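Keep in mind it's a predicted model, so treat the numbers as computed, not measured.
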There are 2 protein chains.
Amino acid sequence: MTPANFSFKEYQPLTLDTAVQLVKHLGYFAEDVPLKVSEIGDGNLNLVFRIVHPESKQSIIVKQALPYAKVVGESWPLTLDRAYFESTFLRKAAEYVPDLVPKVYHFDRLLAITVMEDLSSHQILRQAMIDGNFYPKLAEHIGKFVAQIAFHTSDFYLHPFEKKQLVKDFINPELCKITEDLVFTDPFFDHETNEFPKEILDTVKELWEDNELKREVAILKFQFLTQAEALLHGDLHSGSIFVTSESTKVIDPEFAYYGPIGFDLGQFFANLILNYLSHEAHSTDEQSRERYRTFLVESIEQTWLHFTNEFTTLWHSKGTEIFTKVPGTLETFLAKVWKDTVGFAGCEVIRRTIGLARVADLETIQDEALQHQLKRTALRIGKDLIKTRSQIKHVNDLIRSFAQPQ
Amino acid sequence: MTPANFSFKEYQPLTLDTAVQLVKHLGYFAEDVPLKVSEIGDGNLNLVFRIVHPESKQSIIVKQALPYAKVVGESWPLTLDRAYFESTFLRKAAEYVPDLVPKVYHFDRLLAITVMEDLSSHQILRQAMIDGNFYPKLAEHIGKFVAQIAFHTSDFYLHPFEKKQLVKDFINPELCKITEDLVFTDPFFDHETNEFPKEILDTVKELWEDNELKREVAILKFQFLTQAEALLHGDLHSGSIFVTSESTKVIDPEFAYYGPIGFDLGQFFANLILNYLSHEAHSTDEQSRERYRTFLVESIEQTWLHFTNEFTTLWHSKGTEIFTKVPGTLETFLAKVWKDTVGFAGCEVIRRTIGLARVADLETIQDEALQHQLKRTALRIGKDLIKTRSQIKHVNDLIRSFAQPQ
């Protein structure tokens with residue numbers, strides 16, 4: 001194949017060579033420049049090619065969805081449509097928070113290929129938090145990210161026709177099903193996808209037998225299934241966030257769909273809570289542990305504060321829905337978002353502890369007794385958040401539910 | 001045009017002649033039989049042709065949507081898609097409650113034409129209730145209608161892929177906008193679409209100035225906009241129900257969309273409540289008034305009872321969602337539907353009293369003082385239902401909110 005004729009008539013996975021041909025064909029590099037290419041994806045879900053022009057240091061990412069997912073050693077078919085949802089979300093997000101998402105240069109639906117900005121200067125937040133690094137802008141950025149996208153895709157702002165068209169465009173059954181199963185279902189039943197140390201089976205069994213808890217999870221799952229409030233990222237954990245000390249980039253929005261606004265915030269908070277717990281092991285001394293936990297607690301507080309401030313400003317300055325002018329309506333709505341956030345955080349804490357997709361924060365703890373103890377604690381916290389979310393009125397109440405008095 | 005060549009290349013309104021040609025062309029009658037045809041629609045939204053073979057008494061309805069609506073003397077464009085939603089809903093409903101909807105024989109999307117069963121043997125429930133007629137099966141039929149369709153189109157029953165496809169198919173922006181405006185917005189603000197006797201302006205102004213009320217309406221409107229629980233009829237008032245003493249047929253589902261299940265029940269109950277009030281004028285003596293009001297009260301009680309019984313049976317026998325097996329989940333969900341029902345009933349009572357589309361039950365009352373008094377009462381009831389719906393735990397509490405002690 002010559003670059004000038006680059007074309008595939010049907011889906012096929014790129015190779016190192018065809019990836020390079022593609023970006024040259026698209027005009028991002030001249031035909032005759034030498035490029036370095038490497039595949040940097042984990043190979044489970046997507047191919048990710050990083051293509052660099054060594055001389056100018058210019059670089060670009062070519063991401064291609066694979067038609068299957070490798071999970072628990074098996075391969076199951078997975079829709080290529082997720083590349084569509086990812087690129088469509090990123091372009092929508094760029095209308096409101098262009099600095100907080102990678103730039104999308106090109107999308108090809110047939111090949112499930114997105115050509116986008118290279119963020120290799122950034123680090124994945126999860127590992128960065130395990131390492132105890134500080135990100136003073138993180139809370140502001142995530143609060144702003146959620147508020148801007150949620151408000152601008154909600155009925156408070158959009159014309160109802162435009163909003164309903166977006167709802168339709170973002171109906172995302174296959175990826176939502178993964179969340180419905182892995183976040184809201186399997187961890188609460190004795191299901192084969194769960195995985196946890198046999199030593200904590202008693203605590204897990206208690207959870208499975210807690211019908212009050214399961215009724216509340218049923219409500220939250222039903223909210224996830226039915227409440228099309230705003231466009232969500234849908235998978236906003238610390239593995240979907242790229243950071244430097246100054247910059248935050250939210251990536252991998254292939255789970256994007258219209259859902260309850262609290263879901264994104266809940267997932268984010270849950271992953272900070274899990275990291276908080278894990279610093280029992282990861283911090284090398286008491287003082288650094290305290291300092292890091294203070295950063296995490298403040299990040300939760302400040303994220304909620306920035307979210308509400310940003311949402312409030314938009315509500316008053318750009319709200320088109322007439323009820324945005326009625327005093328108290330905003331507060332009522334934010335209280336609903338908060339309550340949902342707490343409940344969804346609880347589900348995420350639990351599924352990240354005993355479900356299929358667990359987190360390195362806990363999994364990498366070598367001291368088994370400590371790991372088991374922290375997992376028990378995580379389950380207790382998750383249960384509390386879900387069952388008592390009506391009483392957790394304020395972000396300080398949330399913090400009290402997991403933070404140890406200092 | 002000869003019948004054998006019946007075809008239009010683009011939308012055009014039928015005439016008496018082409019309506020007859022159409023049904024012959026479709027084979028419902030032989031080419032050579034003499035047919036009687038009359039246009040029986042109100043001409044505002046749709047053409048409705050009734051075509052009868054006088055000899056055999058066989059008859060059929062041809063309904064065609066017009067591309068505009070005549071309201072308040074003006075004509076505004078209205079999507080022909082509503083014929084699609086109507087016929088698609090009726091066919092879906094026929095899978096579960098074939099006896100409670102008119103049979104659809106044929107649908108043509110280009111022409112916005114539905115050929116369907118003739119229900120001329122039936123009467124519109126609204127006028128029938130104004131006349132004080134009794135329908136002992138009404139509650140059972142409506143309870144069953146809502147329960148069967150809601151359950152079978154919900155996440156409790158359908159595979160999530162199938163449910164999301166149906167949500168997509170029933171995104172109905174134009175018709176929903178009418179409800180969003182006329183039910184949930186205009187009546188609560190000094191809007192030009194409202195209409196009421198100047199004598200009750202003080203009561204109406206109180207309503208417009210009641211920010212607590214408006215905050216609650218905002219919640220209900222937002223639920224209507226966002227909560228895709230199940231396929232709804234979307235306009236289930238007593239003008240959308242055809243009755244005989246034995247039979248109930250729900251018609252005109254052009255507002256069909258995925259929404260909160262309580263909306264259909266709330267609209268139905270509200271129209272029974274308005275009829276209850278109106279019998280202050282329509283009943284000729286105290287005894288018949290008491291008797292009729294007892295029928296209305298029992299119809300509300302029994303509709304809720306039949307709805308919950310039917311829904312409960314389906315939940316236990318056909319629920320596929322695993323949380324349907326968790327004790328108490330059904331009760332939690334039904335409590336949510338009930339609370340929504342009460343709130344939506346309140347909105348409907350108010351909009352049918354002072355909004356654009358008011359009801360003959362009240363409008364036909366000649367005694368102006370009595371009419372005004374009843375409208376004030378209706379507004380008070382509507383407000384109470386919306387504001388205190390959390391305290392209205394049981395159908396008896398609902399009845400106490402409007403029924404006079406006997």
Chi angles and distances behind the side-chain contact (heavy atoms from CB on, under 4.5 Å) call for B:Ile322, A:Phe188: CA-CA 10 Å; B:Ile322 192 171; A:Phe188 302 95; over 6 Å; no
Under 4.5 Å from a heavy atom of chain A, the part of B:Thr332 involved: side chain
Residue among A:Ala230, A:Pro260, A:Pro327, A:Pro160 with most heavy-atom pairs under 4.5 Å to chain B: A:Pro327
From CD (B:Gln227) to CD (A:Gln227), nearest 0.5 Å: 4.5 Å
Structural part of B:Phe184 lying under 4.5 Å from a heavy atom of chain A: backbone
Taking every non-hydrogen atom, the tightest pair across B:Thr226 and A:Lys163: CG2-NZ, 3.9 Å
Donor-acceptor contact present, side-chain A:Arg215 to main-chain B:Val326, <3.5 Å: no
Trace of the side-chain contact (heavy atoms from CB on, under 4.5 Å) decision for B:Ile219 with A:Phe333: CA-CA 8 Å; B:Ile219 294 171; A:Phe333 181 68; over 6 Å; no
Which portion of A:Glu321 sits near chain B, non-hydrogen atoms under 4.5 angstrom: side chain
Chi angles and distances behind the ring-ring contact (aromatic ring centres under 6.0 Å, His included) call for B:Phe222, A:Phe156: CA-CA 9 Å; B:Phe222 194 63; A:Phe156 304 121; 4.9 Å; yes
B:His159, part contacting chain A, at a heavy-atom distance under 4.5 Å: side chain
A:Glu212 versus chain B, the contacting section by heavy-atom distance below 4.5 Å: neither
Heavy-atom proximity to chain B below 4.5 Å, by part of A:Lys177: side chain
NZ/B:Lys325: more than 12 non-hydrogen atoms of other groups inside 6.0 Å: yes
Contacting region of B:Lys164 [heavy-atom separation from chain A under 4.5 Å]: both
Interface moiety of B:Glu180 toward chain A, non-hydrogen atoms closer than 4.5 Å: side chain
Heavy-atom pair count under 4.5 Å with chain A, highest-scoring of B:Asn211, B:Val167, B:Thr324, B:Asn172: B:Asn211
